[in-house]
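Atoms within a ligand are numbered from 1 in the order they appear, just like the ligands themselves. Numbers here simply count residues along the sequence, with the first being 1.
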Amino acid sequence: MDFGDAPAQRVLRQEVRGWLSQNVPVAWRQEAAHDSLAFASYLRGWQAKLHKAGLVGLSWPVEFGGRGLSVLDEQILFEELGRVDAPPLPSPVGMFLVGPALIRFGTEEQQRRYLPRILSAADIWCQGYSEPNAGSDLSNLSTRATRQQDGSFRVSGQKIWTSRAEIADRCFLLARTDPAAPKREGISCLLVDMSQRGVEVRPIRDITGLPHFSEVFFDEAVVPPTDLLGTPNAGWQIAMQILGSERRMPTRANVAPLESILADLGRTLDEGGIVLTEISERALGAAARDVFTLRALRLRQLGEMSGGTWQEAEASLQKLTWDRTFARIHEAAWTAAGARMAVDAGGPWGLWRDGWLTTPGHAIGGGTVEIQLNAIAIRLLGLPRGGR
Ligand SMILES: Cc1cc2nc3c(=O)[nH]c(=O)nc-3n(C[C@H](O)[C@H](O)[C@H](O)COP(=O)(O)OP(=O)(O)OC[C@H]3O[C@@H](n4cnc5c(N)ncnc54)[C@H](O)[C@@H]3O)c2cc1C
């Protein structure tokens, strides 16, 4: 069996590789990592450059500014980006969640207005789902959007853990529009302007010291009727239907960055002259095994996607194994480098420590480990729900 690219995909890979060899910035992590605003504008510039080269939105339909290629083709792009450790896109929420949602559910006006700005990174979007009392149980959300006589909405309430809210231009918001309806039937999906009065963003610094997410407070924020996505009170269905695109993000399922960081770990250990103990050799071996396993899983899943046999719950398996493998590589780094990781703040081990500190967050954001395990148990393995 040939696991290599089909001829058309080989051409695409060469195109991407050729462009990246001329254009990918080096040492970008050290350059801009510690100032969120400067970093965001750096990343906007990077995406705009990719967009100009025709390398953003490969799988979006041509009429919406994409190239109409397949998810397999898009995966090639992200593999190549991961292989050369390219900077990330500034707004994965815009590219992989809001964009597909607008293409599927948006009005023509919404599509014309927002899609080009997502592709060029003119707009950064955040995802306003979680609240202090609504995370895994999202349908418990209580942020209210009250309809006005002119058809607009007034939004009041609080969101939390909103990634990149401090730099976002717009928020993809779930809010309760019919408090009397059963929980899941009274929610609408709104496209909110973050720059207006009535929206306050309070960044939360995570354990690395960076404000990766925020609390967002809405106090009578205004949303015009043209920024309702879909029909009123149909927000839950929209949110559920695009959850699959979110969990399937090509950036999230991508094995290439894990292969790159594993290779980088090997290099950093060699260059630091670190002598491996039997325990650290085992930890590194286990990390390498997990990366190989993930590559095999990914190949199977890509085959299923292109063959039309993909089941949505596979995305939970993908997320779970990616997060665990990322954590396992960083645990191996700890085992091998030991205290160097704690004290080498500005050096190469400092970056490894920061990566390691993000691993618990990976296991929570986008749905916790337990929620993914439940989805795998019930939808992939056909096990009964708990309590039955
Ligand atoms: C890095 C990061 C980025 C995030 N970015 C965003 C964002 O951009 N936008 C956004 O809206 N949210 C975001 N979140 C929030 C995230 O979606 C929630 O934290 C997550 O859904 C869990 O919700 P919770 O924190 O309320 O925990 P809870 O739902 O209260 O869960 C607490 C514990 O109970 C367990 N649990 C809950 N229900 C069940 C169940 N049915 N079965 C078994 N165990 C269960 C959970 O697994 C967990 O261990 C982010 C979180 C992180 C860490």
Side-chain angles (χ1 to χ4, degrees), residues 36 40 88-98 101 123-143 155 157-176 183-184 187 189-192 194 199 201-218 235-236 238-240 242-243 245-247 249 251-252 313 315-316 319-320 322-324 326-327 330 354-379 381 383-388:
S36 203
L89 301 185
S91 182
V93 167
M95 278 304 307
F96 305 119
L97 200 144
V98 184
D123 284 342
I124 290 182
W125 286 76
C126 62
Q127 178 187 20
Y129 281 20
S130 303
E131 297 183 2
N133 290 315
S136 305
D137 182 12
L138 186 59
S139 65
N140 207 33
L141 64 88
S142 62
T143 293
V155 179
Q158 182 195 350
K159 296 289 171 179
I160 193 167
W161 315 123
T162 318
S163 299
R164 316 316 320 246
E166 83 289 4
I167 53 164
D169 304 285
R170 305 203 70 90
C171 179
F172 188 74
L173 183 91
L174 288 184
R176 193 161 296 287
K183 272 188 187 177
R184 297 179 177 187
I187 293 172
C189 193
L190 302 171
L191 313 172
V192 183
M194 292 288 282
V199 178
V201 176
R202 293 189 202 158
I204 305 171
R205 290 194 178 272
D206 71 10
I207 196 169
T208 64
L210 293 174
H212 281 132
F213 36 40
S214 296
E215 290 176 288
V216 184
F217 294 87
F218 297 93
W236 183 257
I238 294 179
M240 290 305 107
I242 56 172
L243 202 62
S245 358
E246 185 188 357
R247 294 199 173 140
M249 284 185 193
T251 43
R252 185 167 265 160
S316 293
K319 178 181 179 328
L320 198 68
W322 196 99
D323 292 346
R324 284 196 171 165
F326 182 84
H330 284 82
D354 287 352
W356 178 75
L357 289 171
T358 65
T359 56
H362 281 291
I364 299 170
T368 66
V369 168
E370 289 74 18
I371 295 301
Q372 309 303 335
L373 287 172
N374 281 348
I376 293 166
I378 296 162
R379 298 205 207 106
L381 303 177
L383 297 176
R385 286 176 186 274
R388 289 197 177 167

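- Residues Ser139 and Asp137 bring a donor and an acceptor atom of their side chains to less than 3.5 Å of each other.
- Side-chain contact between Asp206 and Phe213 is present, with heavy atoms from C-beta onward closer than 4.5 Å.
- Listed by number with element, the atoms of ligand 1 under 4.0 Å from a non-hydrogen atom of Ile371 are 38 (N), 39 (C), 40 (C), 41 (N).
- Comparing Gly128, Ser130, Cys126 by heavy-atom distance to atom 17 (O) of ligand 1, the nearest is Ser130.
- For the pair Tyr129 and ligand 1, the shortest N or O to N or O distance falls below 3.5 Å.
- Among all non-hydrogen protein atoms, the one lying nearest atom 3 (C) of ligand 1 is Ser163 OG, 3.3 Å.
- Under the 4.5 Å side-chain criterion, counting only non-hydrogen atoms from C-beta, Phe172 is not in contact with Leu190.
- Closest to atom 9 (N) of ligand 1 among all protein heavy atoms lies Gln127 O, 2.7 Å.
- Here the heavy atom of the protein found nearest to atom 24 (P) of ligand 1 is Gly135 CA, 3.9 Å.
- Nearest heavy atom pair, residue Arg385 against residue Ile378, reads CG-CD1, 3.7 Å.
- Heavy atoms only, all atoms of each residue included: Ala40 and Ile167 are closest at CB-CD1, 3.6 Å.
- Within a 4.0 Å radius of atom 35 (C) of ligand 1, the protein contributes no non-hydrogen atoms.
- With respect to atom 20 (C) of ligand 1, the closest heavy atom belonging to the protein is Ile364 O, 3.8 Å.
- Protein heavy atom closest to atom 49 (O) of ligand 1, with residue, atom name and distance, is Glu370 OE1, 3.5 Å.
- Residues Thr358 and Phe326 come closest through the heavy atom pair OG1-CE2, 3.7 Å.
- Contact check for Met95 versus Leu89: side-chain heavy atoms found under the 4.5 Å cut-off.
- Of the polar atoms of Ser136, at least one N or O is found under 3.5 Å from an N or O of ligand 1, judged by distance alone.
- At a heavy-atom cutoff of 4.0 Å, ligand 1 is contacted by the side chain of Asn374 but not by its backbone.
- Distance check on atom 7 (C) of ligand 1: some protein heavy atom falls below the 4.0 Å cut-off.
- A donor-acceptor contact under 3.5 angstrom links the side chains of Glu215 and Gln158, judged on distance only.
- For the residue pair Arg184 and Trp236, the shortest heavy atom distance occurs at O-CB, 3.2 Å.
- Of the protein's non-hydrogen atoms, Thr368 CG2, 3.7 Å is the one closest to atom 22 (C) of ligand 1.
- Residue contacts with ligand 1: Trp161 is placed with a nitrogen or oxygen under 3.5 Å of a nitrogen or oxygen of the ligand (distance criterion only).
- The shortest contact between atom 51 (C) of ligand 1 and any protein heavy atom is with Gly365 CA, 3.6 Å.
- Looking at Val369 against ligand 1, nothing comes within 4.0 Å, counting heavy atoms.
- Nearest heavy-atom pair, Ser91 versus Trp125, reported as atom, atom and distance to 0.1 Å: OG-N, 3.0 Å.
- The nearest protein heavy atom to atom 32 (C) of ligand 1 is not closer than 4.0 Å.
- Nearest protein neighbour of atom 1 (C) of ligand 1, counting heavy atoms only, is Phe213 CE2, 3.7 Å.
- Between Trp322 and His362, the two ring planes are tilted [angle within 30° to 60°].
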